[in-house]
Amino acid sequence: MFHIYEGFHLVDAYHKMRFQRKYHPADGAKRFIKILIVALVTLLLWNMPSQWFGIEGLTVIQQRIIAIFAFATLMWILEIVSSWATSVTIIVLMLLFCSDSGIAPMVNEEEVGKLLSYKGVMASFADPIIMLFIGGFVLAIAATKTGLDAQLAKVLLKPFGTRSEMVLLGFLLVTGLFSMFVSNTATAAMMLTFLTPVFRQLPPEGKGRIALAMSIPVAANLGGMGTPIGTPPNNIALKYLNDPEGLNLGLGFGQWMMFMFPLVVVLLFISWRLLLRFFPFTQKTIELKIDGGMQKGVHSKVVIVTFIVTILLWLSDRFTGINANTVALIPFCVFALTGVINKRDLEQINWSVIWMVAGGFALGFGLNASGLAANAAESIPFGDFSPLLILMLGGAICYLLSNFISNSATAALLMPILAIVCTAMGDKLAPIGGTGTVLIGVAIAASSAMILPISTPPNALAFATGYVKQSEMSKIGVIMGIISMVLGFGLVYLMGTMHLI
């Protein structure tokens with residue numbers, strides 16, 4: 001979807017590099033070993049005696065879902081194929097071997113236990129949260145197509161003047177703001193393109209180039225925390241928090257922003273001071289020149305008005321009664337009717353992300369609809385677990401995994417498991433603020449992972465500029481990751497205990 005963005009060449013180069021590194025035939029032996037490990041573990045879990053699992057009343061269907069879950073975990077962690085390809089495979093396996101539309105000899109309900117509804121599995125791709133994803137993508141495409149993003153960047157950066165330190169702060173805040181509503185990859189590509197002429201102005205012996213290059217991925221990663229549409233882990237957390245058949249907490253868009261937006265602003269100011277401390281400027285002033293701007297015409301006015309109305313509706317969902325998922329389809333409708341977007345623009349929606357998330361939702365559906373979640377909750381003494389341990393362990397696992405694999409895949413794996421654990425713990429989570437604290441904490445941990453160039457696409461794009469060394473990225477990444485999780489977990493704990501989430 002990125003060819004319409006400023007800096008597409010950066011994104012394109014990043015994806016080609018990553019594909020070559022992950023799936024190049026030269027790594028055939030290593031890839032074969034990974035495939036063998038996944039196959040052996042999956043087949044073992046699929047066929048081993050059910051009593052070995054230690055879950056009372058485990059059915060054949062539930063055992064198959066455990067095997068499919070293990071398959072998904074290993075495939076996402078080992079990255080044998082793209083994340084979205086794994087998700088499609090998850091859905092197909094569940095349909096063939098666990099649903100009422102599966103292979104006849106394999107899905108005799110009297111022998112294998114309660115079957116999943118094939119409509120329920122397929123509906124994972126049309127979950128209301130998926131509509132929120134699509135609405136976010138459509139808004140981003142319309143903003144870029146009309147030049148609204150470049151115009152906003154010019155207007156928002158202008159008040160920061162020409163002092164080097166203030167220009168750095170401007171790029172941090174503007175990138176963070178954009179990342180709340182636009183893909184962090186697209187935001188990073190656009191902002192790095194704006195920085196290209198700035199890099200030429202700065203002396204090579206100074207560290208100002210490093211500070212500016214690092215400001216983009218740091219702000220893009222942290223900014224995504226600010227809204228439910230800012231990054232996929234937020235959407236995934238919201239799905240489980242608001243599921244009418246699950247936790248049903250009714251957490252709204254405005255409610256999320258009420259506590260996460262101030263956190264993002266504080267973190268961006270902290271990162272500003274850290275970047276200046278580690279990478280001080282030797283040149284005191286910078287002249288900014290940003291090309292491009294808003295196109296003239298009716299379409300541009302439609303996009304501006306629709307953006308404002310959409311954001312206002314998101315922020316006032318408690319008063320209007322229109323949830324964020326429904327609001328997300330309003331700009332889609334308006335832009336389609338007015339011709340702002342056409343069928344070619346629809347091809348630019350990031351369908352790979354949507355498929356990846358849908359696979360995670362299918363796993364969650366399988367865990368609950370098969371009765372596996374209920375059986376596990378009864379058989380495993382989750383109520384005896386320490387609430388603080390659950391929070392810290394969930395956050396730590398998410399943070400570690402997200403540094404090495406997609407944070408969306410990590411969230412898709414952890415959220416359904418933690419939702420089961422939290423439900424089984426009941427009121428025992430009250431001392432740390434309830435289930436919301438745990439799931440939002442995991443979403444924060446996912447966005448805090450930015451140690452390596454491979455941790456997030458914005459990190460990779462900044463590293464590709466050649467101005468940032470891996471050791472420098474790791475230093476800022478570790479410090480900001482720890483600060484982000486400490487402040488983030490503290491905030492959601494406080495909001496939870498005050499019953500604001």
Within a reach of under 6.0 Å around CE of Met392, are more than 12 heavy atoms found that belong to other residues, nucleotides or ligands? no

Is a donor on one side and an acceptor on the other found under 3.5 Å between the side chain of [X] and the backbone of [Y]?
X: Asn184; Y: Ser179; value: no
X: Ser124; Y: Val121; value: yes
X: Asn407; Y: Ser447; value: no

Would a 4.5 Å heavy-atom cut-off, applied to side chains only, mark [X] and [Y] as touching?
X: Asn234; Y: Ile229; answer: no
X: Leu222; Y: Met450; answer: yes
X: Leu212; Y: Ile286; answer: yes
X: Ser448; Y: Met225; answer: yes
X: Val167; Y: Val198; answer: no
X: Leu172; Y: Leu275; answer: yes
X: Met180; Y: Phe261; answer: yes
X: Asp127; Y: Val357; answer: no

Start with the C-alpha gap between Leu388 and Phe489, add the side-chain angles, then the distance that decides, and say whether side-chain contact (heavy atoms from CB on, under 4.5 Å) holds. CA-CA 11 Å; Leu388 191 59; Phe489 282 25; over 6 Å; no

Mind listing the closest non-hydrogen atom pair of [X] and [Y] along with its distance?
X: Pro228; Y: Leu132; result: CB-CD2, 4.4 Å
X: Ala443; Y: Pro233; result: CB-O, 4.0 Å
X: Phe133; Y: Ile354; result: CB-CG1, 4.3 Å
X: Gly488; Y: Leu263; result: CA-CD2, 3.8 Å
X: Asn368; Y: Gly364; result: ND2-O, 3.0 Å
X: Met356; Y: Ser87; result: O-OG, 2.8 Å

Using 30° and 60° as the class limits, which term best fits the ring planes of Trp256 and Phe259: parallel, tilted or perpendicular? tilted

How many angstroms lie between CD1 in Ile216 and CG in Leu195, if you round to the nearest 0.5 Å? 5.0 Å

Determine, step by step, whether Arg209 and Thr465 satisfy the side-chain contact (heavy atoms from CB on, under 4.5 Å) criterion, reporting the C-alpha distance in whole Å, the side-chain angles of both residues, the deciding distance to 0.1 Å, and the verdict. CA-CA 10 Å; Arg209 292 177 175 180; Thr465 63; over 6 Å; no

Please say which of Leu78, Leu413, Ile68 ends up in a side-chain contact (heavy atoms from CB on, under 4.5 Å) with Thr73. Leu413

Checking side-chain contact (heavy atoms from CB on, under 4.5 Å) for the pair Ser300/Leu148: CA distance, chi angles, key distance, verdict? CA-CA 8 Å; Ser300 296; Leu148 176 61; over 6 Å; no

Let's go through Phe178 and Met190 carefully: what are the C-alpha distance in whole Å and the side-chain angles of both, what is the deciding distance for side-chain contact (heavy atoms from CB on, under 4.5 Å) to 0.1 Å, and is it a yes or a no? CA-CA 10 Å; Phe178 275 33; Met190 178 179 71; 3.0 Å; yes

Output a table of donor-acceptor pairs, distance under 3.5 Å, between side-chain atoms of residues 467-483 and any protein atom two or more places apart or on a different chain; print 'none' if there are none.
{"residue": "Glu472", "atom": "OE1", "partner": "Lys469", "partner atom": "N", "Å": "2.9"}
{"residue": "Ser474", "atom": "OG", "partner": "Ile451", "partner atom": "O", "Å": "3.2"}
{"residue": "Ser474", "atom": "OG", "partner": "Gln470", "partner atom": "O", "Å": "2.9"}

